[in-house]
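Fair warning: this is a prediction, and the values are worked out from it, not measured in the lab. FYI, the numbering just counts along the sequence from 1.
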Amino acid sequence: MPLDDAVFPLIRTVGLDGMLVSFGDRLSEPANRAAIAFRAALDAQGWEGIEESSSSLVSCYVRFDPLVLAHAVLHARLDELIAARDWLEAELPHGRMLHRIPTVYGGTSGPQLAEAAAAAGLSEAEALESLSGARVRVTALGFAPGQPYLGELPECWDIPRQQALTPRVPKGALVVAIRQLVLFGVSAPTGWRHVGQTGAELFREGAERPFLLAPGDEVVFPAVSAEALRGMVNGGVSSEVLS
């Protein structure tokens with residue numbers, strides 16, 4: 001079935017041992033909220049045979065053991081869980097965190113801030129104020145361990161990706177496109193515009209919580225000077241429980 005004609009929520013089979021529950025065909029706040037809340041509710045069920053779950057921008061993935069939990073049985077259980085509430089308006093899980101990650105914007109630390117600002121129809125000062133004041137949700141993790149996609153930004157930030165790749169941005173780079181931010185956990189190429197730099201460690205091997213950020217967490221990227229950031233321990237990151 002073409003997704004344009006699909007009725008959501010939609011359950012699809014993924015290989016022999018996976019199912020995908022989708023709440024939309026593109027990123028939106030309600031669809032992302034639903035994916036995160038549904039995953040938390042699924043995990044709380046404690047169904048035997050479920051081996052792993054994860055959420056993406058608009059979907060919840062479930063990996064299971066088909067020798068323990070038959071496809072038809074799991075599909076029926078997922079249908080029942082979907083029908084239990086309006087997931088597009090579901091409360092986000094408890095235990096989420098609010099993180100403040102100091103960021104140096106512009107200059108050599110954010111060499112494409114002016115370009116991104118122009119694409120958004122803002123001055124560089126307005127862009128800095130908008131980005132540093134935005135409180136965004138971790139919509140998903142992907143690409144590298146603990147690396148977040150964050151959104152959504154105001155509509156003016158619905159700017160396209162670049163037509164060519166930036167060969168490499170450093171670890172800790174903050175990049176922007178399509179109303180989203182990505183904070184890079186490793187040095188890598190990107191088609192998104194590099195607007196700022198942080199000292200955040202997104203993956204901490206051996207820690208009780210190895211990923212700094214989790215889907216559903218919220219993040220603010222306050223502006224600081226390069227000199228101030230250099231003097232901060234652990235990139236100056238501070239975290240508190242939201243609920």
Side-chain angles (χ1 to χ4, degrees), residues 26-27 32 54-58 99-134 136-205 210-215 217 219-237:
R26 59 183 58 85
L27 176 61
N32 180 251
S54 62
S55 63
S56 63
L57 294 179
V58 298
H99 310 271
R100 292 179 176 84
I101 302 179
T103 304
V104 182
Y105 291 92
T108 57
S109 297
Q112 293 173 298
L113 176 62
E115 181 183 332
L122 303 173
S123 69
E124 192 167 343
E126 289 170 334
L128 191 156
E129 182 178 4
S130 176
L131 293 174
S132 63
V136 288
R137 178 191 302 162
V138 179
T139 55
L141 301 179
F143 182 74
Q147 181 164 305
Y149 290 77
L150 306 114
E152 290 185 293
L153 291 168
E155 289 187 9
C156 64
W157 288 107
D158 192 14
I159 63 176
R161 300 174 182 86
Q162 303 175 94
Q163 293 186 347
L165 288 176
T166 298
R168 191 161 295 276
V169 294
K171 176 182 176 181
L174 186 67
V175 302
V176 64
I178 52 174
R179 294 188 67 184
Q180 296 178 75
L181 295 166
V182 171
L183 180 57
F184 270 71
V186 296
S187 177
T190 182
W192 297 39
R193 288 173 174 84
H194 182 191
V195 295
Q197 187 65 40
T198 77
E201 287 288 345
L202 299 179
F203 176 64
R204 302 161 295 179
E205 186 175 3
F211 293 166
L212 173 65
L213 308 175
D217 283 359
V219 184
V220 180
F221 294 95
V224 298
S225 69
E227 182 180 4
L229 184 63
R230 283 194 293 270
M232 292 178 177
V233 177
N234 297 324
V237 177

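Going from atom NE2 of His99 over to atom CG of Leu212 covers 5.5 Å, rounded to the nearest 0.5 Å. With rounding to the nearest 0.5 angstrom, the CG atom of Leu183 is 4.5 Å from the OG1 atom of Thr198. Summarising the geometry, atom CH2 belonging to Trp192 is positioned 8.0 Å from atom CG belonging to Leu181; distances are rounded to the nearest 0.5 Å.
Annotation: salt bridge (Lys or Arg N to Asp or Glu O under 4.0 Å) contacts of Arg179 (sequence neighbours excluded): none. Gln180 pairs by the side-chain hydrogen bond (donor to acceptor under 3.5 Å, both in side chains) definition with nothing, not counting sequence neighbours. Listed by chain and number, the residues in a side-chain hydrogen bond (donor to acceptor under 3.5 Å, both in side chains) with Ser123 are Glu126 (sequence neighbours excluded). For Tyr105, there are no ring pair (Phe, Tyr, Trp, His ring centres under 6.0 Å) partners at least two apart in sequence or on another chain.
Contact check for Val136 versus Phe221: side-chain heavy atoms found under the 4.5 Å cut-off. Leu131 places a side-chain heavy atom less than 4.5 Å from the side chain of Leu113.
Within the 3.5 Å criterion, the main-chain N or O of Val195 finds no donor-acceptor partner in the side chain of Gln112. Using modelled atom types, one side-chain atom of Ser187 and one backbone atom of Val169 make a donor-acceptor pair closer than 3.5 Å. With Thr103 contributing its side chain and Ile101 its backbone, the two residues share a donor-acceptor pair below 3.5 Å. Judged purely by atom type and a 3.5 angstrom limit, His194 has no side-chain atom pairing as donor or acceptor with the backbone of Thr108.
Sorted by first then second residue, the salt bridge (Lys or Arg N to Asp or Glu O under 4.0 Å) pairs that include residues 180-204, not counting sequence neighbours, are Glu115-Arg193, Lys171-Glu201.
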Please tabulate, for side-chain N and O atoms in residues 140-161, each donor-acceptor pair with protein atoms closer than 3.5 Å (sequence neighbours left out).
{"residue": "Gln147", "atom": "OE1", "partner": "Gly185", "partner atom": "N", "Å": "2.8"}
{"residue": "Trp157", "atom": "NE1", "partner": "Ser130", "partner atom": "OG", "Å": "3.0"}

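For the residue pair Ala214 and Val138, the shortest heavy atom distance occurs at O-CB, 3.3 Å. Taking both residues in full, the closest heavy atoms of Leu165 and Pro189 are given as CD1-CB, 4.4 Å, listed atom of the first, atom of the second, then distance. Listed here is the closest heavy atom pair of Ala223 and Leu128: CB-CD2, 3.9 Å. Nearest heavy-atom pair across Gln197 and Gly172 is NE2-C, 3.2 Å. Heavy atoms only, all atoms of each residue included: Ser56 and Asn32 are closest at O-ND2, 3.8 Å.
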